[in-house]
Q: 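Here it is, the structure, as structure tokens.
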Amino acid sequence: MLTIVCPHCGARDQTEFRAGGEADRPRPADPFALTDAEWADFLFMRGNVMGLQRELWVHAAGCGKWFSLTRDTRTHRFAP
Amino acid sequence: MRRYSVLALLRESLTGHRGWERAWEDATPKSEYDVVIIGGGGHGLATAYYLAGQHGITNIAVLEKGWIGGGNTGRNTTIVRSNYLWDESARLYDHAVKLWEGLTDDLNYNVMFSQRGVLNLAHTLGDVREGQRRVNALQLNGVDSEWLDTAAVKRFCPPLDVGAHARYPVLGGTLQRRAGTARHDAVAWGYARAASARGVDIIQNCEVTGLVRDGARVTAIDTSRGRIRAGKVGMAVAGHSSVLADMAGFRLPVESHTLQALVSEPIKPVLDCVVMSNAVHVYVSQSDKGELVIGAGIDEYLSYAQRGSFPVIEHQMGALLALFPSFSRLRMLRSWGGTVDISPDASPIIGRTPIDNLYINCGWGTGGFKATPGSGHVFAHTIARGEPHPLAAPFALDRFTSGRLIDEHGAAAVAH
Amino acid sequence: MRVALGGTRIDRSRTIHFRFDGRTLAGHPGDTLASALLANGIHLVGRSFKYHRPRGILSAGAEEPNALVTIGEGAFAEPNSRATMVELYDGLVARSQNAWPSLGHDLGAVTGIASRLFPAGFYYKTFLGSSRTWTGLYEPLIRRMAGLGPAPTAADPDAYDKVHAHCETLVVGGGAAGRAAALEALGQGRVILIDEGVATPPLDGVRLLNRTTAFGCYDDNLVMAVERVNDHLPPGERRGPRQRLWQIRAKRIVLATGAHQQPLVFPNNDLPAIMIASAGLTYLRDFGLLVGRRIVMVGSSDAADELRAAGAQVIEVAAIAAAHGRKRVASVTDGQGTRHRCDAVLMAGGWQPAVHLHSQIGGRLSFDPARHCFVPVVDPSRARLIGACAGDVPVDRPSAPVAGPNAFVDFQNDVTLADIDLATREGFVSVEHLKRYTTTGMATDQGKLSNLNAITRLAHNLGGAPGSVGTTTFRPPYTPVTFGALAAHDRDQFIDPTRTTPMHDWHVGQGAVFEDVGQWKRPRYFPRDGEDMRAAVRRECRAVRRGVGVLDASTLGKIDVRGPDAASFLNLIYANGWSKLPVGRCRYGVMLGEDGMVFDDGVSARIAEHQFLTFTTTGNAARVLDHMEDYHQTEWPHLKVWLNSVTEHWAAAVVTGPLARDVLREVVSDVDLSAAAFPHLSWREGRIAGHKVRLYRISFTGELSFEVHCDSRFARPIWEALLAAGERFGITPYGTEAMHVLRAEKAYVIIGQETDGTVAPDDLGLSWVVSKSKPDFIGKRSLARPELQRPDRKQLVGLTMDAFVDEGAQLTAGAADTVMLGHVTSSYPGAVDEKPFALALVTGGRQRIGTSLYAHFGGRSLRCNVTDPVFYDPEGVRLHG
């Protein structure tokens, strides 16, 4: 079980958090400017990175805030 | 290939079993193959076996970065079933079950496909509705399935606690009698042995490090054991699919997560079927060795570590003991994790990729083992013909663009 | 045999009694079951897994593979307990396992006589044929032979506990190295010391956990341990939990877990009374007993003098070629071919550091040729290892393995040297293949006394060093852990919280039958005078349609959405528009996922210019709030809006039926209830029994309806006031079943029943809800995809038929067809009359209205007429009443 550092509450057990997947993939400002394939890319395609990934977490059983962290998906270690 | 039989065993027992040959040849890579399959798990090995046997292609290599069957083939809870809701899924998975039924003979290797029945429990009125919907659909699709009420569930699985005092009492269940379990390692070894006998090169400790492209085609594969030229390439690497797709320059709609499982110490026979519960969230069977084989959930964060978090195991035990209070004094002997590739609709992806001669087979998520023979069979067809097998066609990658998903979230015993 | 020397752990002044296979025997407090059996001269304690060979006690610790027994009786029975770890108490009952009819005369041993027919993996080469022969014929035979102890058949009566602890330093292992490390760490904050045994005396300032096994090491220095709180006490003296699971988060982990001395491999090395040398010494030092009078020592000889001093005859040999005997070793042939009579053998095969916890979190190992074992590679970012587990073990070069019949590598799983050799020949040369093919290392000791010998032999066969072969992955747990301890409190009723409404006790008092909806308990119906469900539901429906009914709707999710951008936010979250909704009015809304599929629905009310109250379905409340927060925080943080769950703050009662207004007039003050002043889809604030309430004119029944919402604290008196006021109107409490029937007559969908994640708004006939004018909302872009535009999508229709069809029935065009066109989502035997009706999702369904289909369910099929889904008051006159 990971220890996750919430930027608002500090280090807590992973069970207080939910993972939110890859970060930095904002919802397109004008979805209708995208082709079906581009929209499918936004909806479904993922980098699924093996290595360092920027990802979202939410402190669901704590302050409720979303934030992003960098973590190595091979070792589970968060980048400092 | 020297055939296995009781007679052969008797003969060998007289000479100290010194005459047994290698189960499969340990091949050294050649410089070129007509087809290269990346991934020496059950799906990859089965693909090579059917390519060689049914499509007349024998210049085939299977590349495995470690030891064959070392990924999810050797890490799952060995459940085989085809009780899927949608027509496309039911047909694909039942194609696999039919192949399972003759697989031991086909491979001349005992894969121990035990049709002891899979019971899926219903704990809420919603579960009952969903279970009955599934049973009715399966029956029309020609897949055996029946609905059991609470008393019938208890008769079929006596150690189960079906009392009304439970947090989520058992309100009934669906039963597929042809479903059951198989010996996971034997599937990899049996396919490897049979494929090797058909001339397939099985190359272990051979990690793919890059794909060499010429325009829209792959021409060669760079590996830890050198460059290998390939006419066609098939990928069957489960949790690592995105990594290979990245080498080829495209992305996939899958995410890799750790799925955990565990076994108990061996005990005398106590559970004679497979029991699965979505609502209480556990699946369990007893192996021929006597161990209870218990599936846990997935960790919700991305991981390639093959290492899960402990709360998942704790949760699993609570669920197990809610259904089987008499298992409380048994002990967890071993737990482990595997990396599964979860697709958005909980259905696999089989077929062509943006690269002309590169084919993909991935996205089986938590349930790939059961499909092994069917998956290999339709994937071999797809690679050999260059167009999807009819059973595989609905599972093509382009469904994510059109929106024609095959949403089987209700079918898996793991909440995605 | 007890001797005068040693015995530091036992209290010789007291005698306690226990039973083994029905025999009453004596021991001392402080004995383990193993030491007590040995003191009674009992060496044969079990039978092996495959060949049913007689087995004794091999070790004195957690690594024991042979001496497995069932402790306790009935619901308290615990199979596969290691006799070496079971502390003796007065009245302990132990039984041997895997033997029939008795341990001494086990018929299963026939497999041992024919063992050459059953080499490693024989089952892959035989029992060939179809899956039917395997399932029906061969497998049942194999299963009957398999397994060790029997599983209890009754529920476990014991309780288990769980504790979370935090410390700066966690030391695992209470030996000399561990104790020193614990003392050294005292200046650096909290110290916890864990020891598997009982003998560690307390250290000042250190939190000491005796009888505790650290079994798993996980990410970020999480160590899981299990404390055996009262397993060592006679049943009558046990208080509190049986075992306690510790979850310890440490800044630093120090492992001082020691090492396991390994067995030697030679023919018949598994005979009872052949033991690990260090175990022989432990039995003398700790328990004051000699494991034999005439002991052959092979390998290390440090202990010979100590054994002699205690009165044993000791024969030291450099190697053993074979052991002889039947149920106990009687003699050995040494390396020179000389035969020595003996009654025990102590073997020293080198030491393997206990690196399990280090390896579980990815710590690496390297092979140390001098010590002939795998030692940990130091990694400062992981746990620190000290003492024997760090590789500080005696340089004991074990004598070479001797091949021949019954030369065992894995004792419990009956894996021999010949099996390793066979696997090598057949190409199972990856160490993981070797393990899986032969099952070596997969027994309940998880290879603690077999892995090193197996790897050494494999390496030998391949012509390399063990380091070139590597080890298998170390997987938690270090030793087996009781399921009950892992679940601890989170079992039975507590696997999921139970949520109840403020009116719950009232419902219970009325004899309501409940259903689980998410975590909530909701009354499904209120049977009266022996009514069955159907009768009760018909009565409840009739009351609503003709008079007045009341429903506890407190479980509905409620989200307070406020801020200057509240309307803009809801415009993005919902498929419909909110900007123009006036204060005081309500509107039905549908929420889609980004894939365009219906995710949730419900009414929202505009409370103030900048405040909405959003109702969600009962089961989806938390998910909807999460979904809103996710989008607000990650996509639209610029919107000034705040979200709060107020589900538990507001209780709700639905008063519905043609007489609803009459009931409310009796109790509500401060509100003009007339249709003109208080129209459908609006809300007002008033008072009932002196308490402030909000009244919403929302109808899920198709009748004139008022939802009465109030502060949960006052819900019970308000509920009772409504019932009292309604008494003369025949007010009837109704449950979710009647609610379902009534809403289905109006084709109001239920999320999760009419929808399954594949249903878009138009499929449900809800296009009117979906805004055409808004440029964007969640799911809008996906609705434009080709698949969502197809005319043959499944659409919601009604079905009428002569008899009831099951929900989940599949629909086809012809009676004998198998091509499915859709399925029945909701089905009821009738509301106020006996006319069965259903809702269904059918391919191109709206085009099929007026035609017929066949419903297939439970092996039957029934003709159905496809109709408009709205069965009741299609003009909506009544709800405006």
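These values consider heavy atoms only, across backbone and side chains, with no hydrogens, waters or symmetry-generated copies. Quick note on labels: first sequence line is chain A, next is B, and so on, each numbered from 1.
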Q: Nearest 0.5 Å, what's the CG-OH distance between C/Asp516 and B/Tyr168?
A: 5.5 Å
Q: For B/Arg331 and C/Ser81, which I'm curious about, is there any donor-acceptor pair between the side chains at under 3.5 Å?
A: yes
Q: Show, in sequence, the C-alpha distance, side-chain angles and deciding distance for B/Arg329 and C/Asp158, and conclude whether the salt bridge (Lys or Arg N to Asp or Glu O under 4.0 Å) test is met.
A: CA-CA 9 Å; B/Arg329 299 175 89 85; C/Asp158 271 320; 2.8 Å; yes
Q: Check whether the side chains of C/Tyr124 and B/Arg183 place a donor and an acceptor atom closer than 3.5 Å, and report yes or no.
A: yes
Q: Considering only heavy atoms, give the residues of residues 819-826 of chain C separated from chain B by less than 4.5 Å, sorted numerically, with 'none' for an empty result.
A: C/Met820, C/His823, C/Thr825
Q: Quick check for you: to the nearest 0.5 Å, what is the distance between B/Ser402 atom OG and C/Leu788 atom CG?
A: 9.5 Å
Q: Looking only at the side chains, is there a donor atom on one of B/Arg167 and C/Thr498 sitting less than 3.5 Å from an acceptor on the other?
A: yes
Q: Please state whether the side chain, the backbone, both or neither of B/Asp106 comes within less than 4.5 Å of a heavy atom of chain C.
A: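 For B/Asp106, no heavy atom lies under 4.5 Å from chain C.
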Q: Does C/Arg425 pair with B/Glu21 as a salt bridge, N-O distance under 4.0 Å?
A: no
Q: Distance from B/Asp288 atom CG to C/Arg143 atom CZ, nearest 0.5 Å?
A: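 Result: 5.0 Å between the selected atoms.
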Q: Using non-hydrogen atoms and a 4.5 Å limit, figure out which bit of B/Ala319 sits close to chain C: side chain, backbone, both or neither.
A: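 Backbone of B/Ala319 only, per the 4.5 Å heavy-atom cut-off to chain C.
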Q: Salt-bridged, B/Glu101 to C/Arg132, with N to O below 4.0 Å?
A: no
